Every structure is written in structure tokens, then in C-alpha cells.
Amino acid sequence: MAEQYAIEMLNITKRFPGIIANDNITLQLKKGEIHALLGENGAGKSTLMSVLFGLYQPEEGIIKKDGVEVKINDPNDANALGIGMVHQHFKLVECFTVLDNIIMGVEPTKHGFLQKDEARKKVVELSKRYGLAVDPDAIIEDITVGMQQRTEILKMLYRENEILIFDEPTAVLTPQEISELMQIMKNLAAEGKSILFISHKLAEIMEVADRCSVLRKGKYIGTVETKSTTMEELSAMMVGRNVNFHVEKKPANVGDVILEVEDMTVASKVHKNNAVKNVSLKVRAGEIVCIAGIDGNGQTEFVHGLTGLEPIVSGKVTLCGNDISKAPIRDRNVLGMSHIPEDRHKHGLVLDYSLEDNLVLERYFEPEFTNKAGFLRRDNIRSYAEKIIEQYDVRSGQGPITMARSMSGGNQQKAIVGREIDKNPELLIAVQPTRGLDVGAIEYIHKQLVAQRDAGKAVLLVSLELDEVMDVPDRILVMYEGEIVGEFDPKTTTEEELGLYMAGAKRMEVKA
């Protein structure tokens, strides 16, 4: 008897203007397995999953469930077939509670009245059974990203979905939350659920997936058993060449202080305490300093204070000898600050603008892009955008006129990195610059950061990825509960030692 597949996607082709996102792809998911889908940014992974979830209709190909051909016109059809999806950017209603989000669209009613107690009982049971601790009454906008993700998973389980799609589920989680999620996925598979897991992170795929299918530029490359492959083989399948996982760099040649922060305090939006408490640090020309820590320990507010997105309560910020503590954002930019923001959708791009307009957002007023009469020089903007697209390998269906919203997350990120580095800043602030990127793009961005350092620029990196923290910077500062609790040399420290400081178990007195 032939092997029974829970889902088969056979010869799927999906086209968009200027691009074939999925080119004759076949994917087979066995019952009760965790099947990883691996590929570069823009390889067509999310598109393929959106076809399975009914968000897109393929031009060619068929989908079978349990050996029978099915037609999935929209997500309601997918739900009826027991297919659920956790999207890369969560689909939750921010002002509703966890419970309301979970039952939305399938609310239990009796004689037209909402039966919330039954629903709550079921949610509490599910969360116990699968180790998904959440507070059903918490409002979504008040809870951590990890908790929002658990809410999304419970949404699928509440609907009794058998096939669970996770699209880049670890891109926004802390290392602790990631290991918890891996365990949850294993528990789900052990209960007979079949899981499709999109990821760029090879270590995670090796840890949880039974099999892995690789896509490259919209084409299917192959499927391998994870226990009989290596991370090097997977990365070569994914990008079509060997990737260097280690950042090559020569010793730092450190110059003058470019950024000096003295006793900076920034208020918190969430609670009464300050998010950043009396932080002092210096970043010099020709060095990369990394602020490491678990998400939510004041790094975001610290960067907002530095870049002018939030006012600071007290303290002083000096850039190239200029006091910028109260300067508007444009002045900070003009004085030589570039910022690759943590939230690319909120602070990095105007999603409904074209790619070319996004690339000149901070420079449109310069003579190169605006003439004396105050009109935009469209031709110059176009050729500038083409230069950045080529240099940073930004893949977009229609080049400079592509809507930023329609690009894959990784390509949005490359566009932002290109724009910020091309301003030739004195200080480059890079917050989670490789979040959600594939190994090829990560290698490229790390090279760009080192190139900035070697050109005598100051680089301040903020990262949650321990590999990145250990590999890229020349100095590491650990931030815990809004304070700098340790300074380390990446050559002599270990991940375990950093972990203790990041978790607040140890601290040292740090001189600015």
C-alpha cells in the first residue's frame, strides 16, 4: 500500500505580476510528521502555504487531503478541512482578550447568546494539555510576542485543526520561547497532528523536523530526511552555494568616540518604572559594539531614545561632539546617524509607498532628489533605487515601482539596510538587522556591518540572536531590566556566561 499523506500539493504554480512565485512545486506531508519548508527570502515558501490555506488560488496544480482531491477557495474552506495557519505577522485583534481572539468566528452560542464559559473551559484544557500557558483574560496589546503566538496556536487547536502551518514562527521569539515552542511542536506531532514549519534557521530544522523540503527562487529543489543530512548541505541546497557561517574580520582599528551616552533614562510605556535607567556607554569609530539581552529589557526604548523616536527623561546623548539629546530626528540623520529599526513595518517603511519612494524617505529633500523649485527629481530617484536594488540584491517583482507591502519580509529588510548604509553615516544603529533573514542574506548583512566598521564608522548592534552576538561585535554589553550589567570580549566569553547576565543571575560594575 502506498504511504498515506495528510496533504499533497501536486505541481502547484502561482504567478504574480513580473514573477513566478511557485514554479511547479510538489510537497507531500505525512501524517504526524513535522515537515520543514526551507528557502531564501522570496523563495516562495509563504506563497505556497498561502495557497494551501486558501488565501491564493494557484494557476496550475491540485491539492489532495488524505488522498482525495480538494478545492480550497478561502481560509474558511481550509478550516473546514482541518488546516490552520500561524502567520509570520500575527492576525490578532489588539484590543480584544486572548479568549475572544481564540473563539472569534466560531463562538459557541445557545439560543443566540454567547456561551463564553464553555469556550473558556475548552481553552484552559487545551492550554494545559499542550503546555501553552496563557491568561485568557489578558488584552493582546499588553502581552509579549511569545504569548501572542501561543494565542495563535490555541486558535488552531480550538478549531480542532489537524494540519498546522507555522510560518517563520521563531522570528520574533527569545531563545527561551524558541525552545518552549520546539517542545510544543513535538507534543503536537506526538498527538497525531501534521505540521508544516517554514523557517530559515537551520539549527531549529535539524532539531524538530522529520523531513525538510527546499525551495529556491520559486522552484522545488528536493526533500531530505533531517537525520541523514547536515546544516551545510541544507544551506547549499537553499542558496545554491556554500555559505560561511562564521564572520570573517580583521582586528578592530579603534578611533575617536563617535557616540557618547551619559546617564540616559527613558520612560516605559507599559509600566510606571523607567524602561532605561541611567545608562552610559561609548561607541568609537572603527568598532562594533553589541547590546545583547532578552527581549523586553529596555533595548527598544534605549534605541528610541538615541534615535529620537521617544523623548528621554534625563541624561545626555552626544554624536560626533554635538549634543543631540533633544534634537529632532531629521537633525540626527543629517549629523550622521543611520538606524535600521527593529520593527520594519512600523518604523522602517511606508508599506503603501513604492520601493523607490521608501529608499529616499530620509533624503528626498537633498539637491540630488529635489530641484530648486521644490519638485522631486523622479529620474534621479529611479536610478538611485535601481543602484540600491542591484547592490543589495533586493528581489521585487516590478523593481523600483514595486509596492513595499508586496515584498517578502527579507527583501523589505535588505532594502532598509541598503538605504541606511548608503547614507554613509558616522554611526550605524542596527537593531535586529538579520531578523527573519536566510543564511545567505545574514552572511551578506554581517559583511556590510564589518565593512562599515573597517571604513572607520561606529556601529551599534542590538541583537537577540546569540550566534550573532558572539560572532559580529568587538565588544558586548548586556542589558538587563534597563541597565548595562556586564561588558564582555566575544573572544573570551561564552554563551553560557552571557546567558547568566542576560537572565539577571549575575552582574558586574561597568565603566562607561
Side-chain angles (χ1 to χ4, degrees), residues 2-31 33-89 91 161-168 194-200 209 211-224 234 237-240 394-399 401-403 405-411 438:
E3 171 119 36
Q4 181 74 344
Y5 290 109
I7 287 287
E8 293 174 89
M9 301 185 77
L10 305 172
N11 311 106
I12 300 289
T13 295
K14 177 69 197 155
R15 298 186 185 90
F16 293 109
I19 194 163
I20 303 181
N22 293 153
D23 188 350
N24 189 20
I25 291 178
T26 290
L27 179 70
Q28 294 170 311
L29 171 68
K30 294 178 185 171
K31 285 200 167 149
E33 81 165 338
I34 300 180
H35 192 120
L37 193 55
L38 174 69
E40 292 180 283
N41 304 118
K45 307 179 298 292
S46 295
T47 303
L48 189 66
M49 291 302 99
S50 298
V51 167
L52 179 56
F53 194 57
L55 291 165
Y56 296 141
Q57 295 305 309
E59 277 79 31
E60 291 159 33
I62 60 168
I63 298 174
K64 287 183 174 180
K65 176 169 189 248
D66 300 330
V68 180
E69 186 175 339
V70 292
K71 186 88 185 85
I72 304 175
N73 294 310
D74 56 40
N76 291 336
D77 287 355
N79 266 318
L81 288 165
I83 300 170
M85 182 163 179
V86 176
H87 299 266
Q88 188 173 358
H89 300 284
K91 311 265 188 230
N161 292 147
E162 292 301 311
I163 287 126
L164 313 180
I165 305 168
F166 289 85
D167 186 358
E168 293 282 340
S194 311
I195 297 178
L196 280 161
F197 166 49
I198 300 182
S199 179
H200 304 129
R211 294 191 303 151
C212 174
S213 291
V214 181
L215 302 185
R216 185 160 82 232
K217 294 188 178 166
K219 289 185 163 52
Y220 170 76
I221 302 297
T223 301
V224 291
L234 284 178
M237 279 174 80
M238 167 163 115
V239 295
V394 182
R395 296 185 196 167
S396 51
Q398 298 162 286
I401 59 169
T402 309
M403 286 300 243
R405 185 183 294 286
S406 72
M407 291 161 54
S408 76
N411 284 300
D438 62 69

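Since the model is a prediction, treat every value here as computed from it, not as a measurement. Side chains included, hydrogens not; waters and symmetry mates left out as well; all remaining heavy atoms used.
- Distance CG/L27 to OH/Y5: 10.0 Å, rounded to 0.5 Å.
- Looking at heavy atoms from C-beta onward, L55 lies in side-chain contact with P75 at the 4.5 angstrom threshold.
- In this structure, the side chains of N22 and T13 stay at 4.5 Å or more apart for every pair of heavy atoms.
- Within the 3.5 Å criterion, the main-chain N or O of L37 finds no donor-acceptor partner in the side chain of S213.
- Judged by distance alone, with hydrogens and angles left aside, the side-chain atoms of E59 form a donor-acceptor pair with the main-chain N or O of R15 at under 3.5 Å.
- The CD atom of Q28 lies 7.0 Å from the CZ atom of R211; values are rounded to the nearest 0.5 Å.
- Look at D167 and K45 and you find no salt bridge, because none of the NZ, NE, NH1 or NH2 atoms lies under 4.0 Å from a carboxylate O.
- N73 is listed as a side-chain neighbour of Q57, based on a closest heavy-atom distance under 4.5 Å.
- Annotation: side chain of Q4 is in contact with side chain of D66 (closest heavy-atom distance under 4.5 Å).
- Using a distance-only test at 3.5 Å, with no hydrogens or angles considered, a donor-acceptor pair links the side chain of K65 to the main chain of L81.
- H35 meets the ring-ring contact (aromatic ring centres under 6.0 Å, His included) test with no other residue; sequence neighbours excluded.
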The test is salt bridge (charged side-chain N to carboxylate O under 4.0 Å, His left out); show your working for K217 and D23 and say whether it passes. CA-CA 9 Å; K217 294 188 178 166; D23 188 350; over 6 Å; no

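- The side-chain heavy atoms of I63 and I12, taken from C-beta on, include a pair separated by under 4.5 Å.
- Between the D77 side chain and the A80 main chain, no donor and acceptor come within less than 3.5 Å of each other.
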